[in-house]
Amino acid sequence: PSPETYTSANLNLDSTPAFTDLSRWRLRVDQGAQTWHYLASDEECEEWPQKVFDKYHLGLPTDLPELGPVKTPLECANNGFEFYRHIQTDDGHWGGEYGGPMFLIPGLVIVYYITGTPIPEPMRLELIRYLLNRAHSKDGGWGIHIEGVSTVFGTALNYVALRILGLGPDHPAMVKARGTLHSLGGATGAPAWGKFWLAALGVYEWEGLNPVPPELWTLPKWLPLNPGNWWVHTRLVYLPMGYIYARRLSAPLTSFTQSLREELYVQPYASINWGQQRNNVAKVDLYTPHTKVMDVLNKIVTYYEKIPFSWNWFRQYAMEETIEQIKMEDENSFFLDIGPVNKVMNWLVVYYHYGKDSREFKLHVERNQDFMWMGPEGMMMNGTNGSQLWDAAFIAQACVEAQLADNDKYRENMIKTLEFIDLTQIKRDAPNMDRSYRQQSKGAWPFSTRDQGYTVSDCTAEGLKSAIALQQTPGLPQLISLDRMRDAVDVLLTMQNADEGFASYETIRGPSWLEKLNPAEVFNNIMTEYSYPECSTAVLMGLAAFRKIDPTYRRKEIDRTATSVLRYIKAQQRPDGSWYGSWAVCFTYAALFALQSLASIGEFYDNSEHARKGCDFLLSKQEADGGWGESYKSCEDRVYTHNAQSQVVNTAWAVMSLMEAKYPEEEPIRRGIQFIMQRQQPNGEWLQESIEGVFNKNCMISYPNYKFSFTIWALGKYARTYGDKALLV
Ligand code: LAN
């Protein structure tokens with residue numbers, strides 16, 4: 001292909017281009033799908049005026065009024081929702097910048113380049129702005145996530161992205177970033193996924209990569225090495241990666257990529273010994289070093305890789321299976337795919353396999369839009385196609401707890417939320433469910449939208465809990481029938497692991513030694529599913545809520561599951577009383593779930609050693625200002641690490657945990673609640689603080705809606721526990 005769109009004319013800007021007019025951006029929602037549109041003319045802008053939620057997400061003044069001063073927790077919750085309801089979308093959910101990972105935009109932009117697909121001009125400009133804004137002011141580089149120190153992974157890839165987007169090598173930002181990249185040893189030290197993208201672009205040699213053999217897909221299902229037994233995200237990234245690797249597909253060399261070859265390395269490209277770079281990962285990047293076994297296996301497979309593709313019938317057969325699996329993944333998810341990494345890789349495969357005129361290619365281009373989010377700093381790529389269902393389920397439960405859901409004033413908002421939850425329940429199993437290694441999904445709730453369609457254990461549970469909570473609220477309609485709730489329960493009951501806990505998307509399918517073959521270097525615990533206290537608790541609470549409205553359906557199994565989950569939760573507690581959280585930062589998050597589990601069987605501070613130690617651990621972390629602030633470092637290092645400032649989100653989790661456990665003294669809880677109230681702005685909102693979420697131990701991800709849902713929830717819980725008394729003067 002000739003990437004004619006990216007000519008030297010627009011690839012050599014030495015100064016920063018002018019960006020777009022923020023007053024022209026609009027968010028369109030359609031059954032959860034979020035797409036941002038840049039209107040071309042004043043007339044269009046008049047016809048489609050900017051709404052409060054557009055302005056809010058763009059960082060423009062919303063001009064929402066100052067609300068009266070608050071004294072009590074419920075007044076505070078009221079003001080919070082009075083603000084928050086304005087940013088509910090027309091289809092009933094709440095959007096947000098689901099950012100954090102800094103390795104998503106580069107993959108996307110590289111595939112735009114390789115396939116010669118023009119990036120719409122407003123998107124191009126705003127991507128540049130985002131990446132420039134996210135470069136660390138100190139050294140001009142980027143880390144694996146927005147708050148992380150500069151790494152080769154982040155810096156090499158985002159450097160390349162900005163070059164493709166149009167900045168020239170002499171642009172000051174590029175000079176600075178290149179300096180940092182070189183001081184880290186240059187792009188040869190990129191981790192495996194970085195090496196992959198550079199090789200696909202043609203600025204790194206395939207010989208410098210460890211093998212990604214697609215043959216594994218042809219192994220019998222019962223063999224752990226069959227990727228069908230791996231964690232679903234990992235297998236679905238290795239699927240398209242295997243295709244591109246097996247055919248060693250790189251973009252043709254142009255003067256532009258030639259120039260990149262000169263910019264990215266500390267020595268001349270031709271002089272690099274590529275074979276020696278396979279296991280070269282810069283120190284700052286390396287989080288999970290390869291095991292010896294992995295290195296030995298890689299060496300062996302490297303010999304096999306010497307057989308040319310055209311002679312290797314086994315590989316050709318494996319490629320047919322690979323294409324078949326990719327096709328099923330694309331079709332089953334309406335070309336959204338499970339996440340942004342395999343989404344753009346599948347798009348690249350589709351380009352090589354079916355060509356640019358194919359239906360598949362066009363659909364992929366179209367659905368790229370679902371991942372793009374416009375924020376105050378420019379345009380970025382979300383970590384999934386959104387967090388729609390997840391956020392809607394939490395805010396629904398928070399509103400019920402804070403007595404907002406039965407308030408006439410908010411009835412419309414609550415009906416819309418319930419309609420969204422209703423719409424988003426998955427109504428079918430994936431076609432070819434077994435063939436595509438999919439978990440049962442009829443009745444489940446996904447994390448984002450129904451089209452994406454992946455069962456997640458705790459999303460199903462939160463969907464179910466929020467549906468029950470809303471439908472039990474006077475004045476709200478009954479949209480989700482008991483039969484459909486039973487479907488959700490059926491799904492949940494298929495998902496318990498042998499260790500009695502619940503994992504994320506599926507049960508644990510592979511043995512734990514598979515982790516020894518983790519090739520990714522920058523992530524940990526990614527090869528198989530694992531049970532998590534968070535997911536396990538959500539399921540337990542979901543089943544418990546269901547049991548109350550339908551006391552007979554599969555009652556024995558539900559009871560048995562509930563009892564066994566508790567054994568799992570207790571077993572996970574550390575000697576210091578804490579639980580490690582895997583999906584948000586970190587110990588404060590996990591404590592909430594664990595203590596909720598204990599409370600559900602009547603284990604509280606006063607009568608349970610587990611609950612007591614859990615509370616004492618939290619209390620030992622309370623800050624002088626009454627809040628809790630936990631740093632993302634907790635997740636990386638697996639030890640509680642204080643954040644520079646207290647955070648409303650951590651504080652909400654901590655006080656809710658203490659209230660779950662019926663901690664006997666009110667004072668620490670009251671101080672936490674006061675902290676949350678003091679952080680509220682006069683218009684009712686809370687401002688964004690440090691990053692809230694995490695995955696794979698080492699990569700952080702934002703949950704901007706948590707600062708509304710969990711604050712309101714905690715305030716409501718306080719009022720129910722201690723009464724709605726004046727806490728601020
Ligand atoms: C998510 C987001 C939601 C999260 C919870 C529901 C909170 C959790 O309890 C279960 C796991 C889940 C669904 C989850 C899994 C991993 C995801 C999809 C993410 C953290 C969002 C982004 C991440 C995905 C893997 C990012 C793409 C990067 C790769 C390494 C493929």
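Remember, it's 1-based here, ligands and their atoms both numbered in the order they're listed. Just so you know, residue 1 is the first one in the sequence shown, and it goes up from there. Model, not experiment: these values are computed from the prediction.
Cation-pi contact between Arg450 and Phe334: absent, since separation from the ring centre below 6.0 Å together with deviation from the ring axis within 45° is not met.
Contact annotation: for Thr384 versus ligand 1, heavy atoms closer than 4.0 Å belong to the side chain alone.
Within ligand 1, counting atoms from 1 as listed, the ones closer than 4.0 Å to a heavy atom of Cys459 are 6 (C). Taking every heavy atom of Phe523 and a limit of under 4.0 angstrom, the matching atoms of ligand 1 come to 30 (C). Residue contact check: Tyr703 has heavy atoms under 4.0 Å from atoms 2 (C), 3 (C), 7 (C) of ligand 1. Per-residue contacts place Asn696 under 4.0 angstrom from the following atoms of ligand 1 (heavy atoms of the residue considered): 30 (C). Which parts of ligand 1 touch Val237 is read off a 4.0 Å heavy-atom cut-off, strictly below it: atoms 31 (C).
Of all protein heavy atoms, the one closest to atom 30 (C) of ligand 1 is Trp193 CH2, 3.5 Å. The protein heavy atom nearest to atom 3 (C) of ligand 1 is Phe447 CE1, 3.3 Å. Here the heavy atom of the protein found nearest to atom 13 (C) of ligand 1 is Tyr505 OH, 3.5 Å. Nearest protein neighbour of atom 7 (C) of ligand 1, counting heavy atoms only, is Trp390 CZ2, 3.6 Å. Atom 22 (C) of ligand 1 has as its closest protein heavy atom Gly383 O, 3.6 Å. Atom 2 (C) of ligand 1 has Tyr98 OH, 3.1 Å as its closest protein atom, hydrogens excluded (heavy atom only). The nearest heavy-atom contact from the protein to atom 18 (C) of ligand 1 is His233 NE2, 3.1 Å. Regarding atom 6 (C) of ligand 1, its nearest protein heavy-atom neighbour is Asp458 OD1, 3.4 Å.
Residues Trp347 and Arg367 form no side-chain contact, since every pair of their non-hydrogen atoms from C-beta on lies 4.5 Å or further apart. Looking only at side-chain heavy atoms (C-beta outward), Thr494 and Asp490 stay at 4.5 Å or farther from each other.
Under the 4.0 Å criterion applied to side-chain N and carboxylate O atoms, Glu521 and Lys195 are not assigned as salt-bridge partners.
Among the candidates Tyr706, Phe447, Phe371, Trp390, the single residue satisfying the ring-ring contact (aromatic ring centres under 6.0 Å, His included) test with Tyr98 is Phe447.
Defined by atom type and a distance below 3.5 Å, a donor-acceptor pair is missing between the side-chain atoms of Ser690 and Glu147. For the residue pair Glu462 and Gln397, a side-chain donor N or O sits within less than 3.5 Å of a side-chain acceptor on the partner.
Interatomic distance, CD1 of Ile691 versus OG of Ser631, reported as 11.0 Å (0.5 Å rounding).
Counting only non-hydrogen atoms, the option in Asn382, Val341, Leu236 that gets closest to atom 27 (C) of ligand 1 is Val341. For atom 15 (C) of ligand 1, the choice among Trp583, Tyr454, Tyr532 with the nearest heavy atom turns out to be Trp583.
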Quiz item: ring-ring contact (aromatic ring centres under 6.0 Å, His included) between Trp653 and Phe593: does it pass, once the steps are laid out?
Solution: CA-CA 9 Å; Trp653 293 333; Phe593 291 94; 8.2 Å; no
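Ring centroid separation for the pair Trp713 and Phe710 comes in under the 6.0 Å cut-off.
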